[in-house]
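When a residue number appears, it is its place in the shown sequence, counting from 1. For the numbers below, each heavy atom of this structure counts, side chains included, while hydrogens, waters and symmetry mates do not. Computed from a predicted model, the values in this text were never measured in an experiment.
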Amino acid sequence: MRDWLAQRITAAIMVCYSLIAVVVLAQFPPVRYAGWKHLFEQGWMRVATLLFAVSLAWHAWVGVRDILMDYIKPDGLRLGLQVFTLLLLAAYMGWTVQILWR
């Protein structure tokens, strides 16, 4: 039940962010680098984007973990793939933070 709920909550967060992004980008389309920079200089946009990225990583982790548990039967291989997935998602999160707060 916890994983099912996590999938739904993270999906709802990603939908909300996507709708907000569509509205903001429709009103103020940043055509050049300076426009994108100005958009992400705002604290609320950085925090919202980070929340989106965390939700995406958690959503992906639950989905990939379930797929690995269902289809990869050798325990060692499954564990190796799960660790690889976690490390990859952690690297992506670190990269996201670096991009947003650089």
Side-chain angles (χ1 to χ4, degrees):
M1 180 70 171
R2 185 181 60 198
D3 293 335
W4 180 87
L5 189 58
Q7 287 287 90
R8 283 10 178 226
I9 291 171
T10 55
I13 290 170
M14 290 186 291
V15 165
C16 289
Y17 177 85
S18 297
L19 293 174
I20 291 169
V22 165
V23 169
V24 168
L25 293 175
Q27 290 179 352
F28 310 105
V31 178
R32 300 187 194 282
Y33 174 77
W36 285 104
K37 186 175 179 186
H38 176 70
L39 177 62
F40 282 95
E41 283 175 347
Q42 302 174 44
W44 70 268
M45 189 62 174
R46 286 180 180 178
V47 171
T49 303
L50 183 62
L51 181 61
F52 174 84
V54 169
S55 297
L56 180 63
W58 192 356
H59 192 91
W61 166 245
V62 172
V64 170
R65 190 202 63 210
D66 287 351
I67 290 170
L68 292 173
M69 287 190 314
D70 286 346
Y71 295 107
I72 306 297
K73 297 304 177 191
D75 292 337
L77 178 60
R78 183 173 58 237
L79 178 62
L81 289 171
Q82 287 176 338
V83 168
F84 176 74
T85 302
L86 279 173
L87 291 174
L88 190 62
L89 290 172
Y92 288 154
M93 286 307 307
W95 192 16
T96 300
V97 168
Q98 181 185 14
I99 290 169
L100 289 174
W101 274 277
R102 187 190 277 191

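- To the nearest 0.5 Å, atom CE of residue Met45 and atom OH of residue Tyr17 are 3.5 Å apart.
- With rounding to the nearest 0.5 Å, the separation of NZ in Lys37 from CZ in Arg32 is 15.5 Å.
- You'll find the side chain of Leu50 reaches within 4.5 Å of the side chain of Trp101, heavy atoms only.
- Pro30 and Gly35 get closest at one heavy-atom pair: CB-C, 3.4 Å.
- Under the 4.5 Å side-chain criterion, counting only non-hydrogen atoms from C-beta, Thr10 is not in contact with Val62.
- Using a 4.5 Å heavy-atom cutoff, the side chains of Val83 and Leu87 are in contact.
- Both Leu56 and Val54 sit in one connected hydrophobic cluster of ILVMFWY residues. Membership requires side-chain heavy atoms under 4.5 Å apart, directly or through other members.
- Here CZ of Arg78 is found 14.0 Å from CD1 of Ile67. Values are rounded to the nearest 0.5 Å.
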side-chain contact (heavy atoms from CB on, under 4.5 Å) between Thr49 and Arg46, worked out: CA-CA 5 Å; Thr49 303; Arg46 286 180 180 178; 5.8 Å; no
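- When all heavy atoms are compared, the tightest approach of Gln7 to Gly63 is OE1-N, 4.1 Å.
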Phe52 vs Ile20, side-chain contact (heavy atoms from CB on, under 4.5 Å): CA-CA, chis, key distance, verdict: CA-CA 11 Å; Phe52 174 84; Ile20 291 169; over 6 Å; no
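- Smallest separation of non-hydrogen atoms from Ser55 and Met14: CB-CG, 4.1 Å.
- Between Leu39 and Leu25 there is a side-chain heavy-atom pair separated by less than 4.5 Å.
- No path of Ile, Leu, Val, Met, Phe, Trp and Tyr side chains, each step under 4.5 Å between heavy atoms, connects Leu51 with Val22, placing them in separate hydrophobic clusters.
- Separating the CZ atom in Arg8 from the CD1 atom in Ile13 is a distance of 14.0 Å, to the nearest 0.5 Å.
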Assess the residue pair Trp58 and Ile9 against the criterion (side-chain contact (heavy atoms from CB on, under 4.5 Å)); give the C-alpha distance rounded to whole Å, side-chain angles, the decisive distance to 0.1 Å, and a yes or no. CA-CA 10 Å; Trp58 192 356; Ile9 291 171; over 6 Å; no
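- Residues Trp95 and Phe84 share a single hydrophobic cluster, defined by chaining ILVMFWY side chains whose heavy atoms lie under 4.5 Å apart.
- Met69 and Leu81 are not part of a single hydrophobic cluster, where members link through side-chain heavy atoms under 4.5 Å apart.
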Let me see the working for Val64 and Gln82 under side-chain contact (heavy atoms from CB on, under 4.5 Å), right down to the final yes or no. CA-CA 8 Å; Val64 170; Gln82 287 176 338; over 6 Å; no
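- Trp61 and Leu77 are assigned to two separate hydrophobic clusters, defined by single-linkage of ILVMFWY side chains at heavy-atom distances under 4.5 Å.
- Between the NE2 atom of His59 and the CG atom of Asp3 there is a distance of 11.5 Å, given to the nearest 0.5 Å.
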